[in-house]
K.L.:
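Pasting a structure below so you can have a look.
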Amino acid sequence: MFSRRSFIKKAALAGAGAALIPEIVQAAMPGIQSTTGTSGMKSNTIIVFQGDSITDAGRKRENEHLANDREMLGHGYAMFAAADLLSTHPDKNLRIYNRGISGNKVFEMQKRWDKDCIQLQPDILSILIGVNDFWHMKLGRYEGTLSTFTDDYRNLLIQTKMKFPDIKLAVCEPFTIKGGKSTDSSWYPAFDDYRASVKALAKEFGAIFVPFQAVFDKALEKAPVTYWGEDGVHPSMAGAMLMKTAWMKAVC
């Protein structure tokens, strides 16, 4: 049954969330400054988003050969970032692709790396991976370990840097939205080790580190987990916008 009180509450929360997102990101990332800046974006830059379902976000596989295609970009943070970049730089001939695949772990992403990364010849490469490496192991669907995850991720970054020494890498922190339906207390502190591994790899390879966990932790001070991503793994539309804002602050 329609509840006027519920509708008003949700509408107010949505408006507040949209207004607060830049404030949340600034509070979570106070010392982070982009190394490019929007005015420094070069013409003909190729940008590739890689990862699992959080990046995939329902994208249309049959359109994946098309740069800047709305359906290829999905409905998550990658699409929001692409929309921001393309509207800001109509004169730069940017080409943006989404190659996230739902359910992927690092070793699965590595198997398709030549087709879904190397052949696209990216100038900027953003990677968000790791939640499935932990989650599927926790559920007994995968026998990988933290060491497996770290070694596989490192090998992927070595391969990429050898091919493109000057590539701009954005290594995004795997995260949970704490208190979600799928992210109970049993995730911690073990999942924190995966996050720490990714941060260390970003430092090792001179990559930009996007601290999504800090951003969502700060966001939970303003609105509940149901607003940002009810299951605690997959962000809502507001959660995706939060990620996009954090990604743009760190990368562009």
Side-chain angles (χ1 to χ4, degrees), residues 18 21 25 34 36-106 108-132 156 159-160 163-164 166-172 174-175 207-208 210 212 228-229 233-252:
I21 280 175
V25 169
S34 169
T36 299
T38 54
S39 62
M41 184 67 66
K42 296 179 181 179
S43 295
N44 304 311
T45 292
I46 298 172
I47 303 169
V48 176
F49 288 91
Q50 265 290 359
D52 51 38
S53 58
I54 300 168
T55 302
D56 182 331
R59 69 182 179 89
K60 290 288 185 69
R61 304 285 195 277
E62 57 268 33
N63 288 15
E64 68 178 13
H65 63 288
L66 301 173
N68 308 338
D69 181 82
R70 180 178 60 84
E71 294 185 332
M72 173 274 292
L73 288 163
H75 55 255
Y77 76 97
M79 182 275 291
F80 286 130
D84 196 331
L85 288 164
L86 292 168
S87 63
T88 304
H89 304 288
D91 58 331
K92 294 295 179 70
N93 190 36
L94 303 181
R95 285 169 286 168
I96 306 173
Y97 299 91
N98 182 348
R99 286 295 188 274
I101 292 186
S102 181
N104 261 197
K105 295 171 278 293
V106 175
E108 292 165 319
M109 193 169 68
Q110 191 170 30
K111 289 180 179 178
R112 58 185 178 84
W113 204 243
D114 184 68
K115 171 181 175 291
D116 286 347
C117 178
I118 302 300
Q119 291 183 24
L120 293 172
Q121 299 185 317
D123 300 293
I124 299 175
L125 171 63
S126 178
I127 306 172
L128 172 58
I129 197 81
V131 70
N132 291 321
L156 184 148
Q159 177 185 352
T160 304
K163 189 68 177 180
F164 306 113
D166 298 324
I167 194 169
K168 183 174 182 178
L169 278 173
V171 171
C172 302
F175 64 90
I208 296 164
V210 185
F212 282 140
W228 302 112
V233 174
H234 300 94
S236 64
M237 184 161 54
M241 192 66 176
L242 181 72
M243 291 178 68
K244 167 261 177 184
T245 306
W247 190 91
M248 290 292 295
K249 177 176 173 59
V251 182
C252 296

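Note that this is a predicted model, so its numbers are computed, not measured.
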K.L.:
If you measure from CZ on R61 to CZ on R99, what distance do you get to the nearest 0.5 Å?
P.N.:
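Those atoms lie 10.0 Å apart.
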K.L.:
Report the distance from atom CG of D84 to atom OG1 of T245, rounding to the nearest 0.5 Å.
P.N.:
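Nearest 0.5 Å value for the CG-OG1 distance: 8.0 Å.
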K.L.:
Quick one: closest heavy-atom pair of I21 and A238, and the distance?
P.N.:
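Smallest interatomic distance, heavy atoms only, reads CD1-O, 3.8 Å.
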K.L.:
Please check this pair: side chain of D116 against backbone of M109, looking for a donor-acceptor N/O pair closer than 3.5 Å.
P.N.:
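No; zero donor-acceptor contacts below 3.5 Å.
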K.L.:
Indicate whether the side chain of R112 and that of Q50 have a donor and an acceptor atom separated by less than 3.5 Å.
P.N.:
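The answer is yes; a qualifying pair exists.
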K.L.:
Looking only at non-hydrogen atoms, find the nearest pair between A240 and P235 and report the distance.
P.N.:
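Shortest heavy-atom separation between A240 and P235 comes out as N-CB, 3.7 Å.
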K.L.:
Side-chain contact test, heavy atoms from C-beta onward, threshold under 4.5 Å: evaluate it for K60 versus D69 and give yes or no.
P.N.:
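Answer no - side chains too far apart.
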K.L.:
Tell me, do E108 and I101 make a side-chain contact under 4.5 Å, heavy atoms counted?
P.N.:
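Side chain of E108 against side chain of I101, heavy atoms only: no contact under 4.5 Å found.
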K.L.:
From W113 CH2 over to L156 CG, what is the distance, rounded to the nearest 0.5 angstrom?
P.N.:
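One finds 4.5 Å between CH2 of W113 and CG of L156.
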K.L.:
For R70, I'd like to know if atom CZ has over 12 heavy atoms of other residues, nucleotides or ligands within 6.0 Å.
P.N.:
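No, CZ of R70 has 12 or fewer neighbouring heavy atoms, counting only those of other groups under 6.0 Å.
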K.L.:
If we only count heavy atoms from C-beta on, is the K42 to I124 side-chain gap below 4.5 Å?
P.N.:
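Answer no - side chains too far apart.
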K.L.:
Can you tell me how far apart CG (D123) and OG1 (T45) are? Round to the nearest 0.5 Å.
P.N.:
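It comes to 5.0 Å.
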K.L.:
Could you measure the distance from the CG atom of N132 to the OG atom of S102? Nearest 0.5 Å is fine.
P.N.:
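The OG atom of S102 is 7.0 Å from CG of N132, to the nearest 0.5 Å.
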K.L.:
Okay, side chain of S53, backbone of D56: is any donor-acceptor separation there less than 3.5 Å?
P.N.:
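No; zero donor-acceptor contacts below 3.5 Å.
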K.L.:
Without swapping roles, check the side chain of K92 against the backbone of M41 for a donor-acceptor pair under 3.5 Å.
P.N.:
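Flag set: sc K92 to bb M41 pair under 3.5 Å.
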K.L.:
Between D52 (side chain) and I129 (backbone), is there a donor-acceptor pair under 3.5 Å?
P.N.:
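No, D52 side chain to I129 backbone: no donor-acceptor pair under 3.5 Å.
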K.L.:
Does the pair Q119 and D114 meet the rule for a side chain to side chain contact (heavy atoms under 4.5 Å, CB included), with working shown?
P.N.:
CA-CA 6 Å; Q119 291 183 24; D114 184 68; 2.8 Å; yes
K.L.:
Kindly indicate whether the side chain of F80, heavy atoms from C-beta on, has any atom under 4.5 Å from the side chain of M243.
P.N.:
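SC-SC contact between F80 and M243 ruled out.
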K.L.:
Any chance you could lay out the side chain to side chain contact (heavy atoms under 4.5 Å, CB included) test for I118 and F164, step after step, and finish with the verdict?
P.N.:
CA-CA 9 Å; I118 302 300; F164 306 113; 3.8 Å; yes
K.L.:
Quick one: does C117's side chain get under 4.5 Å of L125's, heavy atoms only?
P.N.:
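Touching, per the 4.5 Å side-chain cut-off.
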K.L.:
Would you say that L85 contacts C252 through its side chain, given a criterion of any heavy-atom pair below 4.5 Å between the two side chains?
P.N.:
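A side-chain contact under 4.5 Å exists here.
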K.L.:
Looking only at heavy atoms, which two atoms of H75 and M79 are closest? And how far apart?
P.N.:
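So the two residues come closest at CA-CE, 4.1 Å.
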K.L.:
Would you mind reporting whether F212 and P174 have side-chain heavy atoms less than 4.5 Å apart?
P.N.:
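Of all side-chain heavy-atom pairs linking F212 with P174, none is under 4.5 Å.
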K.L.:
With rounding to the nearest 0.5 angstrom, report the CD1 to CD1 distance, I47 to I96.
P.N.:
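Reported to 0.5 Å precision, the distance equals 4.5 Å.
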K.L.:
Is there a donor-acceptor pair closer than 3.5 Å between any side-chain N or O of N98 and the backbone N or O of L73?
P.N.:
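Yes, because the side chain of N98 sits within donor-acceptor range (under 3.5 Å) of the backbone of L73.
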K.L.:
So F49 and Y77, side chain to side chain contact (heavy atoms under 4.5 Å, CB included) or not? Walk me through it.
P.N.:
CA-CA 10 Å; F49 288 91; Y77 76 97; 3.9 Å; yes
K.L.:
Considering all heavy atoms of both residues, which atom of Y97 and which atom of E64 are nearest to each other, and what is their separation?
P.N.:
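Smallest interatomic distance, heavy atoms only, reads CD2-O, 3.7 Å.
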